[in-house]
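From a predicted model like this one, the values you see are computed outputs, not experimental measurements. Each ligand, and each atom within it, is numbered from 1 in the order the structure gives.
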Amino acid sequence: MADKITYKDEKLTVSNNPIIPFIEGDGIGPDIWNAAQKVIDAAVEHSYEGSKKIEWLEVLCGEKAFDKTGEWLPSETLDILRSHYVGIKGPLTTPVGGGMRSLNVTLRKELDLYACVRPVRWFRGAPAAIIDPYRVNFVLFRENTEDVYSGIEFPKDSDGAKQVIDLLNELGEGHKIRFPESSSIGIKPISKEGSIRLFDSALQYAIKHNRKSVTIVHKGNIMKFTEGYFKKWTYEHAEAHYGDKVFTWMEYDRIKEEKDIHAANAAQSEAESEGKIIIKDVIADAFLQQILLRPDEYDVIATMNLNGDYLSDSAAAAVGGIGISPGANINYKSGHAIFEATHGTAPKYAGLDKVNPSSVILSGVMMLQHMGWTEAATLIERALEMAIYNKRVTYDFERLMHGATLLKCSEFGDEIISNF
Ligand code: NAP
């Protein structure tokens, strides 16, 4: 009999027949979800010879929910996602410059899914924007609940904007706004608690998976008390709680100041040879260059919400584009996790059975890993890589490869299954 996944004492309990809620998504959502569900089911069947099976439970969100219930995000959907702990979703439409709030952001906020986890790696044969794409293999942890995504914004001429500007004048900061009469205002909160819980997840991941470094990516040179403090708090946390497992660039700087650069380099080399994780930092714009030029210097990344949004798509593009980039939104304390395609609804391709379903399929791989069903996860990953290597791909890859065979979205899913 199918049953719910449970979570207690930071441990997920998954039966052989777990119920997993899914949101099909808008636009291309149905196409990619159908392909993905078929692949995931076949991989589970193949790996466990029928002893394990997922019971899928559709929950409504987005346009489908609105058409059926008049609500974009029915409370029943949130209740089910909350009580089942693990879910998966396709993309959802978000209007720009007004209208309802992003459903993705609402889901993350409601379930407090503070860590957005985006692995970025190259699959053999995938058309890549950089030379030597095999050098890219990192996991990006993006803070998911703070920053400019908090949604505290006041439009130009509104009472809210005027009151904030008045307050800034009282605080002696008003002169910093170049055009106060015609400014919209947005607020960017970054907390110590939020920064540390995100960073801690990244560091725990690095420890568990024997990664070499965690890089804090920030723009603290400009936003000193938000992004700068993200860097300060996370370095301090690493030193205070993981002193025996890490070597930080803060420590490096201290040694350099007390002794010299040779002593600092020697200390870092010694830490590396002892298997300690190097905690370092880089400014966001420099990082955007370096992931293209020196990607192998990065391993696990910890950053804030907006940086993480830009960086993850840019990094994904370097190794094949967002059609193939998976993601997860996780609260490591409550156990809630939603795995998701990272691209949008690509409305012009909706219903054409055309687009690449890899993003949601690989999100399914992350979900299977999270559940401990690693055999099925590995099977899908290898079979997907084989499809790309054999140049049997969807339009987005086909147009960038020589001599490739063009497959529809559903055919690409079947190709993966035939490679098992
Ligand atoms: P988008 O839907 O990601 O599409 C932009 C382009 O990316 C597409 O035109 C296509 O490129 C490529 N692409 C996206 N998915 C692909 C796939 N599976 N396979 C191959 N190529 C793919 O971005 P958008 O047009 O900016 O946004 C559309 C809607 O999606 C908006 O309402 C936005 O808010 C929403 N959105 C939702 C999420 C989410 O639910 N997580 C994320 C981002 C955006 P080509 O045209 O070059 O073929």
Side-chain angles (χ1 to χ4, degrees), residues 22-36 39 59-66 72-73 77 81 87-109 111 113 116-118 123 126-129 142 144 149 151 305-306 308-314 316-317 319-330 337-364 366 384 387-388 393-401 404 406-413 415-416:
F22 71 94
I23 296 168
E24 194 178 50
D26 301 329
I28 55 173
D31 282 350
I32 58 173
W33 175 251
N34 286 339
V39 169
V59 289
L60 297 176
C61 188
E63 287 165 1
K64 197 167 179 180
F66 189 75
W72 293 97
L73 176 52
T77 295
L81 288 168
I88 186 164
K89 66 175 274 292
L92 296 166
T93 308
T94 309
V96 178
M100 63 172 181
R101 184 135 183 251
S102 159
L103 293 169
N104 299 304
V105 174
T106 308
L107 277 170
R108 289 168 201 161
K109 278 221 138 182
L111 296 172
L113 304 172
C116 173
V117 186
R118 299 271 303 259
F123 287 89
R142 162 188 170 192
N144 233 354
Y149 285 71
N305 212 337
L306 185 62
D309 195 2
Y310 295 154
L311 296 174
S312 50
D313 276 11
S314 163
V319 288
I322 54 173
I324 197 170
S325 167
N329 298 294
I330 304 180
I338 298 183
F339 297 81
E340 67 170 356
T342 56
H343 54 70
T345 57
K348 65 182 174 184
Y349 297 126
L352 301 183
D353 192 17
K354 181 179 169 90
V355 295
N356 191 341
S358 298
S359 175
V360 74
I361 292 174
L362 291 169
S363 303
M366 290 178 79
L384 188 145
I388 296 171
V393 289
T394 46
Y395 84 97
D396 51 325
F397 278 16
E398 191 264 349
R399 68 187 171 186
L400 298 172
M401 288 169 140
L406 175 63
L407 300 183
K408 291 179 181 171
C409 175
S410 56
E411 289 172 340
F412 184 73
E415 180 71 19
I416 294 174

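Using a 4.0 Å cut-off to heavy atoms of T342, the atoms of ligand 1 that qualify are 42 (C). Distances below 4.0 Å separate heavy atoms of N104 from the following atoms of ligand 1: 37 (C), 38 (C), 39 (C), 40 (O), 41 (N). Of all atoms in ligand 1, numbered sequentially from 1 with element shown, those under 4.0 Å from a heavy atom of R399 are 45 (P), 47 (O), 48 (O).
Ion pairing between a basic and an acidic side chain is recognised when a charged N comes within 4.0 Å of a carboxylate O; D31 and K354 show no such pairing.
Contact between S410 and D353 at its shortest, heavy atoms only, is OG-OD2, 2.7 Å. Considering all non-hydrogen atoms of both residues, A341 and S359 come closest at CA-OG, 3.2 Å. Shortest non-hydrogen contact noted between S325 and R118 is OG-NH2, 3.2 Å.
Counting heavy atoms from C-beta outward, C61 and L92 have side chains that approach closer than 4.5 Å.
Residue-to-ligand polar distances keep P91 apart from ligand 1: every N/O pair is separated by 3.5 Å or more. Taking distance alone, with nitrogen or oxygen atoms compared against 3.5 Å, G90 stays at or beyond that limit from ligand 1. Between T93 and ligand 1, a contact under 3.5 Å exists for no N or O pair. For the pair I28 and ligand 1, the shortest N or O to N or O distance does not fall below 3.5 Å.
Between atom 15 (N) of ligand 1 and the options H343, E340, K354, the minimum heavy-atom separation is to H343. The heavy atom nearest to atom 8 (C) of ligand 1, out of those in C409, A346, P347, G25, is found in A346. For atom 29 (C) of ligand 1, the choice among I32, D396, T345 with the nearest heavy atom turns out to be T345. Selection from V355, N329, L92 by nearest heavy atom to atom 17 (C) of ligand 1 gives V355. Comparing F397, Y349, Y395 against atom 20 (C) of ligand 1, the shortest heavy-atom distance belongs to Y395.
Summarising the local packing, NZ of K408 is surrounded by 12 or fewer heavy atoms from other residues, nucleotides or ligands at distances under 6.0 Å.
Using cut-offs of 30° and 60° on the angle between ring planes, the pair F22 and W33 is parallel.
Under a 4.0 Å heavy-atom criterion, K348 is in contact with ligand 1.
At distances below 3.5 Å, not a single donor-acceptor pair connects side-chain atoms of N356 with backbone N or O atoms of I324.
With E340 as reference, N104 is the one residue of L107, V360, I88, N104 to meet the side-chain contact (heavy atoms from CB on, under 4.5 Å) rule.
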